[in-house]
K.L.:
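Quick one: the structure is below, questions incoming.
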Amino acid sequence: MSNDTWLVAGLGNPGPGYAGNRHNIGHMVLDELAQRSGSKFKTHSSRAQIIQGRLGIGGPRIVLAKPLTYMNLSGGPVANLAKFFGIGIEKLIVVHDEIDIPFDTVKLKRGGGEGGHNGLRDISKAMGSKDYLRVRAGVGRPSGRMDTADWVLQDFSKTEKQVLPFLIDNSADAVELLMSSGLDAAQEKFHTS
């Protein structure tokens, strides 16, 4: 593959016990992108499930990836895939849960801190840089004194599940817009809506 290829990594934890957790929104968004492409994930030697394809007809090449490791070990699979496909940090998009953004809100940025997110911290370490694109799907903060780690490892509430498909859809749209139109255009759409 040429270096016009994008790597889109959706973060989460493996196994059915975690599938509905707030922490697994990255996997949910990648499943939506897979459905849109009509493709199925296949296991890759990098310890990830991947799909290779294009964004639309004649669009850029993409590799969709769901690491098969636990969240705090996401860096190895992401860095291995970037190396395997020859993809630079500027073409890496990470989709993840964000507690500092209200539920059902999507924000985008390049680089910056990890905000205590162990998956991002591990990717930054493995890639040797924080300067990758991020699609941040807001899951909000817990009320009261609940620990944030406990919060993100819980399933979405019944009320949240009614709106969750829209959050997933908007996050997938944000990924596609990042690749087709760039960060400024994607931020303009999602940060002002």
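Please read these numbers as outputs of a predicted model, since none were measured by experiment.
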K.L.:
Please output the side-chain donor-acceptor pairs of residues 101-108 that fall under 3.5 Å, not counting sequence neighbours, one pair per line with the distance.
P.N.:
unit_1 : atom_1 : unit_2 : atom_2 : d
T105   : OG1    : P102   : O      : 3.2

K.L.:
How would you list, by chain and number, every residue that makes a side chain to side chain donor-acceptor pair (under 3.5 Å) with H27, sequence neighbours excluded?
P.N.:
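None.
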K.L.:
Just verifying a value: how many Å separate I168 CD1 and L30 CG, rounded to the nearest 0.5 Å?
P.N.:
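Answer rounded to 0.5 Å: 11.0 Å.
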K.L.:
In terms of heavy-atom contacts, does NZ of K161 have more than 12 from other residues, nucleotides or ligands at under 6.0 Å?
P.N.:
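Count over threshold, so yes.
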K.L.:
Does the side chain of K42 come within less than 4.5 Å of I51's, by heavy atoms?
P.N.:
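A side-chain contact is absent here, since even the closest heavy-atom pair is not under 4.5 Å.
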K.L.:
Does a side-chain heavy-atom distance below 4.5 Å link W6 with V175?
P.N.:
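The answer is no; the side chains never approach within 4.5 Å.
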K.L.:
Could you work out, with side chain to side chain contact (heavy atoms under 4.5 Å, CB included) as the rule, every residue matching P142, not counting sequence neighbours?
P.N.:
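For P142 the side chain to side chain contact (heavy atoms under 4.5 Å, CB included) partners, ignoring immediate neighbours, are M146, T148, W151.
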K.L.:
Any heavy-atom pair between the side chains of V95 and I25 that's under 4.5 Å?
P.N.:
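No; the side chains remain at least 4.5 Å from each other.
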K.L.:
Is the shortest side-chain heavy-atom distance between V94 and L133 below 4.5 Å?
P.N.:
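Not in contact.
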K.L.:
Name all residues meeting the side chain to side chain donor-acceptor pair (under 3.5 Å) criterion together with R121; count only those two or more places apart in sequence or in a different chain, and write none if there are none.
P.N.:
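Partners of R121 under the side chain to side chain donor-acceptor pair (under 3.5 Å) test: N118.
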K.L.:
More than 12 heavy atoms of other residues, nucleotides or ligands under 6.0 Å from CD of Q154: is that the case?
P.N.:
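Atom CD in Q154 is packed in, count exceeds 12.
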K.L.:
Output side-chain donor-acceptor pairs under 3.5 Å for residues 69-85, partner residues at least two apart or in another chain, one line each.
P.N.:
unit_1 : atom_1 : unit_2 : atom_2 : d
T69    : OG1    : L73    : O      : 3.0
S74    : OG     : M71    : O      : 2.7
N80    : ND2    : G76    : O      : 3.2

K.L.:
Of all residues at least two apart in sequence or in a different chain, which pass the salt bridge (charged side-chain N to carboxylate O under 4.0 Å, His left out) check with E114?
P.N.:
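Partners of E114 under the salt bridge (charged side-chain N to carboxylate O under 4.0 Å, His left out) test: K130.
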K.L.:
By the side-chain hydrogen bond (donor to acceptor under 3.5 Å, both in side chains) test, which pairs, at least two apart or in different chains, include something from residues 162-171?
P.N.:
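For residues 162-171, and leaving out neighbouring residues, the side-chain hydrogen bond (donor to acceptor under 3.5 Å, both in side chains) pairs sorted by first residue read R36-D169.
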K.L.:
Taking the basic N atoms (NZ, or NE/NH1/NH2) and the acidic carboxylate oxygens, is any pair closer than 4.0 Å for K66 and D31?
P.N.:
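Here K66 pairs with D31 in a salt bridge, since their nearest N and O are under 4.0 Å apart.
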K.L.:
Establish whether V8 and F41 are linked, either directly or via other cluster members, by ILVMFWY side-chain heavy-atom contacts under 4.5 Å.
P.N.:
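Linked, V8 and F41 end up in one cluster.
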K.L.:
How many angstroms lie between atom CD1 of I87 and atom OH of Y132, to the nearest 0.5 angstrom?
P.N.:
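One gets 15.5 Å once the value is rounded to the nearest 0.5 Å.
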K.L.:
So do the side chains of V135 and F190 get within less than 4.5 Å of each other, counting heavy atoms only?
P.N.:
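Contact flag for V135/F190 side chains = no.
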K.L.:
Return each pair, listed once, that meets side-chain hydrogen bond (donor to acceptor under 3.5 Å, both in side chains) where at least one residue sits in residues 12-25; pairs must be two or more places apart or across chains.
P.N.:
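Residue pairs with at least one partner in residues 12-25: N21-D155, R22-E160, H23-D97.
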K.L.:
If the condition is salt bridge (charged side-chain N to carboxylate O under 4.0 Å, His left out), which residues does R134 pass it with, not counting sequence neighbours?
P.N.:
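Scan of R134 (salt bridge (charged side-chain N to carboxylate O under 4.0 Å, His left out), adjacent residues dropped) gives none.
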K.L.:
For D131, give me all partners under salt bridge (charged side-chain N to carboxylate O under 4.0 Å, His left out), at least two apart in sequence or on another chain.
P.N.:
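D131 satisfies salt bridge (charged side-chain N to carboxylate O under 4.0 Å, His left out) with no other residue.
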K.L.:
Can you name the nearest heavy-atom pair linking A185 to L177, along with the distance?
P.N.:
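A185 and L177 have their closest heavy atoms at O-CD2, 4.0 Å.
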K.L.:
To the nearest 0.5 Å, how far apart are CD1 in I123 and NE2 in H96?
P.N.:
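Answer rounded to 0.5 Å: 8.5 Å.
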K.L.:
Drop me the distance from I93's CD1 to I62's CD1, to the nearest 0.5 angstrom.
P.N.:
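Rounded to the nearest 0.5 Å, the CD1-CD1 separation comes out at 9.0 Å.
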K.L.:
Please name all residues satisfying side chain to side chain contact (heavy atoms under 4.5 Å, CB included) with D184, sequence neighbours left out, ordered by chain then number.
P.N.:
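Side chain to side chain contact (heavy atoms under 4.5 Å, CB included) check on D184 returns Q187.
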K.L.:
Rounded to the nearest 0.5 Å, what separates atom OG in S39 from atom CD in Q52?
P.N.:
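Those atoms lie 10.0 Å apart.
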K.L.:
Can you get from L64 to L55 by hopping between Ile, Leu, Val, Met, Phe, Trp and Tyr side chains that sit under 4.5 Å apart?
P.N.:
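Hydrophobic grouping puts L64 with L55.
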K.L.:
Considering non-hydrogen atoms only, spot the tightest contact between L167 and A137 and give its length.
P.N.:
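What the structure gives for the nearest pair is CD1-CB, 4.2 Å.
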K.L.:
About how many Å separate NE2 of H117 and CG of D100, when rounded to the nearest 0.5 Å?
P.N.:
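Rounded to the nearest 0.5 Å, the CG-NE2 separation comes out at 11.0 Å.
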K.L.:
Taking side chain to side chain donor-acceptor pair (under 3.5 Å) as the test, write out the residues that go with Q49, two or more places apart.
P.N.:
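Q49 satisfies side chain to side chain donor-acceptor pair (under 3.5 Å) with no residue once adjacent residues are dropped.
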